[in-house]
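These notes concern the structure reproduced below.
It should be emphasised that the depicted structure is a prediction, and the values quoted were computed from it without experimental measurement.
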Amino acid sequence: MNNYNDVIFFKIWRNHFIKNNILEKIKNHKNFYDSFKYEKIFSCSWMIENGYYLLLKEKVDRGENLIFNCIDSLWQTNEKEFIPRNLTRKKFDNGRLFVLDCNSIFYKEKAAIHWDLNFYINLFKNYPNYFLNFNKNETEFTLIEYDNLEALQILVEKFNHILEIESFFRSFEIGSFECSFYIFNKFKNEILKNKKYQSRIWNTLLNYSLFKNEMIEIDLINQRIDFIINKCQIPLPKSLSDIEQQQQQQFIPCFYEIKIYEQKLSTILDCLKTISQLSNIFKSFLKSINDKSYKIKLTKDQEEYYSKKGSSLKLNLELSNINSLIWLLGKNNTSTSSLLLLLSITDIKNKFTNKELETNIIELLITSEKNEIVFGLYRSILPFTHHLNHFIDNWNFYQIKRENNYQDYLKIKKHTIITTDTIFHSKMFAHYKFQEFIDDCQDDNNLFCFCKTKDSQINFINNFNKDLIMTNQPKKYNLYKNILSNLVWLDDIELINLLKKPVEVEFKQPEKLLLISKLKSNEMFDIVYQVLKMANEMERSLNILKSIDCGISSTTTTTTTTTTTTTTTTVSNVNIGNDGQPIKGILEMLILCEKSNILQHFKNNYTLDYYSQVNYIDLTNKTFKFGIFKFIYDNLSDFPVYEKVTAWRNNLSFITNVQQFKYLVERTPSSSNYKLPSDNGLSYFKYMVQERLFDLQSGRCSFESNKHPIYQYFKLIKDKRQGEETNEIITKEFNDLIYSSFSSYTLRSTFSKICQYNDLDLIDLIFKNASNPNFNEKITNSKSYVQTILEVITSQGDLKLFEYVNSKFPEIVSINLKDGSKSGWVNAFYRCCRVVQIALTNGHIDFLLYILSLKKTDKVFLKITHISISFNNKCLLNHLINLKNNYLFIEQ
């Protein structure tokens with residue numbers, strides 16, 4: 001549009017009569033489930049989630065009624081958009097049930113794109129009860145959580161909020177570095193001049209404890225130190241004595257709670273960069289390793305913890321062993337920096353590709369010229385991993401992988417007080433030890449998990465083949481099946497083709513099922529299928545020979561001495577097809593193991609085997625994932641009895657979205673019925689209304705009775721719009737609908753749609769029925785429907801609708817707002833009627849103030865605990881605590 005057209009359009013559009021007529025004409029019953037009136041959109045989260053950023057901005061600019069929470073009802077929260085918060089953040093919550101939500105107005109990744117500074121100016125100005133007045137500190141807390149610098153600047157510079165230095169400590173500790181640097185600059189001179197503040201910073205960074213439940217993410221550790229040193233340029237302490245110790249304990253810079261071999265190379269390099277920056281602090285620690293004076297000293301909490309696991313003698317012996325391992329890291333070192341690589345971190349990074357930098361250490365340790373660099377990095381960080389936790393695992397991995405030395409591992413394994421129960425089996429490293437297989441023959445999918453070098457893996461399999469031929473161990477067939485199963489799991493075609501199969505090996509049905517369950521590719525299926533076929537045919541041959549032997553005369557006098565040898569075969573050069581006898585139940589096993597990716601391959605390449613088994617498939621009352629039913633419905637004509645394979649007789653929990661539901665519906669025979677999934681019913685109803693309404697009307701599509709009201713309401717709206725029914729009939733149908741036996745949840749969802757539609761006729765009808773003595777004699781629980789609809793209006797934050805209802809039915813509303821002071825505490829938080837509970841839970845300040853004004857002499861009792869305070873109702877409580885009134889009593 002050009003400017004002239006814009007002016008003309010809005011002149012017409014601002015005429016309410018014309019606009020309402022236009023909107024009425026274009027109404028379509030198909031948008032029943034996802035349409036909202038402009039004035040009925042209150043939820044900021046909903047607008048952000050659905051991309052209505054400009055709509056939210058317009059409403060904020062106008063100061064319209066909004067709700068800022070993500071709580072849908074008294075007991076239900078929307079968790080799908082929650083962002084995980086680490087323990088460091090949670091320790092500052094002080095009783096809040098704080099949630100990071102990517103649909104929050106403060107989520108900076110979206111805010112930076114869609115809103116400018118004026119948005120936050122208008123937000124704070126137009127909603128002062130929530131963000132200013134008594135809630136500036138709570139707003140600051142929230143903005144720091146989201147690291148939203150723009151909004152924090154507005155709060156401080158436009159609304160005169162005064163920051164305190166404690167906010168700097170919290171912000172850098174939780175990793176909100178943009179806000180932290182802003183706050184730092186406010187207190188820069190004070191921090192740089194005050195040794196106490198600096199000591200506190202370094203104590204926070206370096207002196208935390210696993211026993212204080214302060215496990216901190218490795219990335220956050222590195223980021224915090226980099227921020228303090230390079231961004232804030234706070235000077236390093238000259239020695240450990242400059243660091244204020246909260247407890248009298250040995251300073252141990254082993255702050256990395258990691259298994260090194262599981263980390264990305266880039267993470268290890270970041271750790272070493274951090275260590276390098278703190279090298280002066282670590283001088284005495286490294287020196288104590290070099291001269292073997294370093295000894296682990298336990299805190300009182302640690303002594304108490306470990307004393308419960310064993311005697312002090314065993315504990316001291318174990319500590320002594322760990323000390324001796326740590327000393328080995330300093331052996332022959334002559335300088336305090338010798339544990340760190342001489343190359344700079346930048347130089348090392350340049351030797352690896354970006355892909356390698358994002359690869360785990362295990363994956364990188366393949367024979368190459370870079371191995372020594374990786375092992376050097378590994379050894380450099382070893383002393384800085386927690387000595388009482390992952391250090392032992394890190395040491396064992398290094399010794400076994402680098403030196404092929406199991407002695408330390410076997411020695412440490414004997415102790416059980418401090419050391420972990422991590423198992424390092426030789427097969428994990430492709431270190432071949434046949435006897436160890438015999439002693440510990442477990443199918444654990446750990447073969448070669450610490451060795452990605454193909455040559456080592458090939459040598460391992462070749463050695464195993466030789467020993468398997470020569471051994472007479474009773475476990476030999478189990479050993480073979482163990483290796484076979486592991487190679488199937490690895491999905492390594494080259495290695496499994498090298499494995500030689502003993503001719504006499506047999507597979508029981510559970511063993512076959514186990515192999516099928518580990519399949520990942522069609523190629524591996526071909527190999528496994530041939531292995532099982534060969535074993536199947538051998539079993540048949542042996543059975544035939546046994547029956548022949550039984551018929552031979554026992555009068556033979558010639559004694560023949562025979563020598564038996566073990567014969568092996570390989571399964572290379574697999575022939576794909578229907579040769580030999582089919583394996584009984586292979587199709588059923590593929591279905592049971594949910595190998596939907598292999599089923600079509602089996603049909604296409606083993607056609608005769610496939611069709612010989614389809615008659616036996618029965619999925620009735622069985623639970624499978626969508627992929628299995630997708631295959632069935634893609635090949636529905638293959639199955640002669642539809643009732644045995646139909647999805648609609650099963651629990652439909654495997655259908656997780658409308659697309660899956662639609663896929664199966666479109667392939668269901670037209671003569672067959674189907675049903676709606678019970679979960680997330682509204683989204684499926686929406687699809688049915690928009691695309692398959694006739695199936696609902698004809699009864700071809702059935703649904704659970706507790707989903708009935710919302711559909712019935714849709715029909716009423718449709719008939720009313722199209723003038724197909726009179727108001728009297730609609731009223732009767734509505735009464736029949738609402739006052740049937742449905743659960744509270746079902747009615748709530750229906751009332752929710754009625755309120756969103758602003759269907760005043762039906763809302764009035766509910767209240768009129770409740771006040772009608774004749775009607776109440778017939779419907780004993782009609783008054784509870786009034787309570788339910790008031791709760792729905794409150795949870796939606798629709799203050800205008802609540803005001804409307806109160807203006808027409810003040811006595812009924814007053815009765816439902818009676819206090820619950822004689823009842824017990826709800827969630828140890830409040831004692832009042834349900835409508836007030838919901839307003840409190842959602843933190844609707846304006847809504848609650850209006851309700852309190854209606855209650856007059858009735859009192860609301862609140863008890864603030866450290867259990868039930870979310871961000872929103874924390875803002876509300878701050879407001880109410882400071883607000884003088886005669887209706888609210890708060891117990892703190």
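- Interatomic distance, CD1 of I496 versus NZ of K501, reported as 12.5 Å (0.5 Å rounding).
- Between Y642 and Y633, the ring-plane angle classifies as perpendicular under the 30° and 60° cut-offs.
- With 3.5 Å as the limit, one finds a donor-acceptor pair spanning the side chains of S521 and D491.
- When atom types are taken as modelled, the side chain of E356 and the backbone of T353 share a donor-acceptor pair closer than 3.5 angstrom.
- Every residue two or more places apart in sequence or in another chain was checked for a ring-ring contact (aromatic ring centres under 6.0 Å, His included) with F42, and none qualifies.
- Using a 3.5 Å distance cut-off with no hydrogens or angles, the side chains of D526 and N522 do not pair a donor with an acceptor.
- The closest side-chain heavy-atom distance from Y687 to Q659 is not below 4.5 Å.
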*Go through the steps to decide whether F525 and K595 satisfy the test side chain to side chain contact (heavy atoms under 4.5 Å, CB included), and finish with yes or no.*
CA-CA 10 Å; F525 170 79; K595 299 300 174 181; over 6 Å; no
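- Contact detail for F106 and Y146: the closest heavy-atom pair is O-CB, 3.3 Å.
- Remark: D759 does not engage K753 in a salt bridge, criterion side-chain N to carboxylate O under 4.0 Å.
- Considering every non-hydrogen atom in both I67 and S43, the closest pair reads CG1-CA, 3.5 Å.
- No donor-acceptor pair closer than 3.5 Å links the side chain of N673 to the backbone N or O of C701.
- I655 is listed as a side-chain neighbour of L664, based on a closest heavy-atom distance under 4.5 Å.
- Within the 4.5 Å cutoff, the side chain of M428 has no heavy atoms near those of the F448 side chain.
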_Derivation and outcome, side chain to side chain contact (heavy atoms under 4.5 Å, CB included), residues L357 and N354_ = CA-CA 5 Å; L357 289 171; N354 290 334; 4.2 Å; yes
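- Within the 4.5 Å cutoff, side-chain heavy atoms of F751 are placed close to those of I766.
- Atom CD of E262 sits about 12.0 Å away from atom OG1 of T267, to the nearest 0.5 Å.
- Counting all heavy atoms, side chain and backbone alike, C755 lies closest to V792 at SG-CG1, 4.0 Å.
- Rounding to the nearest 0.5 Å places CZ of F661 at 4.5 Å from CG of L676.
- Using a 3.5 Å distance cut-off with no hydrogens or angles, the side chains of N605 and Y610 do not pair a donor with an acceptor.
- Shown here for W648 and T668, the closest heavy-atom pair between the two residues is NE1-OG1, 3.0 Å.
- Neither side chain, E791 nor S795, offers a donor N or O lying under 3.5 Å from an acceptor on the other.
- When only modelled atom types and interatomic distance are considered, Y529 and D609 share a side-chain donor-acceptor pair under 3.5 Å.
- Relative orientation of the Y663 and F626 rings is perpendicular, given thresholds of 30° and 60° on the angle between their planes.
- Counting heavy-atom neighbours within 6.0 Å of L54 CG, excluding the residue itself, gives a total of 12 or less.
- Between the side chain of T794 and the main chain of L790, a donor-acceptor pair closer than 3.5 Å is present.
- No hydrogens or angles considered: a donor-acceptor pair under 3.5 Å links the side chains of Q600 and N635.
- For the atom pair CG (L587) and CD1 (I617), the distance works out to 4.0 Å, reported to the nearest 0.5 Å.
- When the ring-ring contact (aromatic ring centres under 6.0 Å, His included) test is applied to Y611, no partner is found at least two apart in sequence or on another chain.
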*asked:* Could you go through S485 and L514, starting from their C-alpha distance and side-chain angles, then the distance that decides it, and tell me whether this counts as side chain to side chain contact (heavy atoms under 4.5 Å, CB included)?
replied: CA-CA 8 Å; S485 178; L514 179 63; 4.3 Å; yes
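- Proximity of a side-chain donor or acceptor of N446 to a complementary backbone N or O of C449 within less than 3.5 Å is not detected.
- For the pair F639 and D618, the minimum side-chain heavy-atom distance is 4.5 Å or more.
- Of the inter-residue distances, the one linking K518 atom NZ with L490 atom CG reads 9.5 Å to the nearest 0.5 angstrom.
- The main-chain N or O of I362 is never found under 3.5 Å from a side-chain atom of N360 such that the two would form a donor-acceptor pair.
- Salt bridge E594/K625: absent, no basic N to carboxylate O contact under 4.0 Å.
- Atoms CD and CG, from Q457 and L487 in turn, are 9.0 Å apart once rounded to the nearest 0.5 Å.
- Of all heavy-atom pairs spanning I591 and F624, the tightest one is O-CE2, 3.4 Å.
- The side-chain heavy atoms of T646 and S672, taken from C-beta on, include no pair separated by under 4.5 Å.
- In this structure, L762 and Y757 have side chains that are not in contact, with every pair of non-hydrogen atoms separated by 4.5 Å or more.
- Residues L801 and L760 form a side-chain contact, since some pair of their non-hydrogen atoms from C-beta on lies under 4.5 Å apart.
- Side-chain atoms of K40 and N758 include a donor-acceptor pair closer than 3.5 Å.
- For the residue pair N65 / K59, no side-chain donor-acceptor distance below 3.5 Å is found, with atom types taken as modelled.
- Atom OH of Y38 has more than 12 neighbouring heavy atoms from other residues, nucleotides or ligands inside a 6.0 Å radius.
- Below 30°, between 30° and 60°, or above 60°: for Y52 and W46 the angle between ring planes is below 30°, a parallel geometry.
- Across all non-hydrogen atoms, the minimal contact from Q796 to S752 is NE2-OG, 2.9 Å.
- Annotation: cation-pi geometry not satisfied between K603 and F631 (NZ/CZ under 6.0 angstrom from ring centroid, within 45° of ring axis).
- Between K481 and E511, at least one side-chain N (NZ, or NE/NH1/NH2) sits under 4.0 Å from a carboxylate O, which counts as a salt bridge.
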*Apply side chain to side chain contact (heavy atoms under 4.5 Å, CB included) to the pair M688 and L693, showing each step before the final yes or no.*
CA-CA 5 Å; M688 294 300 299; L693 181 59; over 6 Å; no
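- No hydrogens or angles considered: a donor-acceptor pair under 3.5 Å links the side chains of Y674 and D695.
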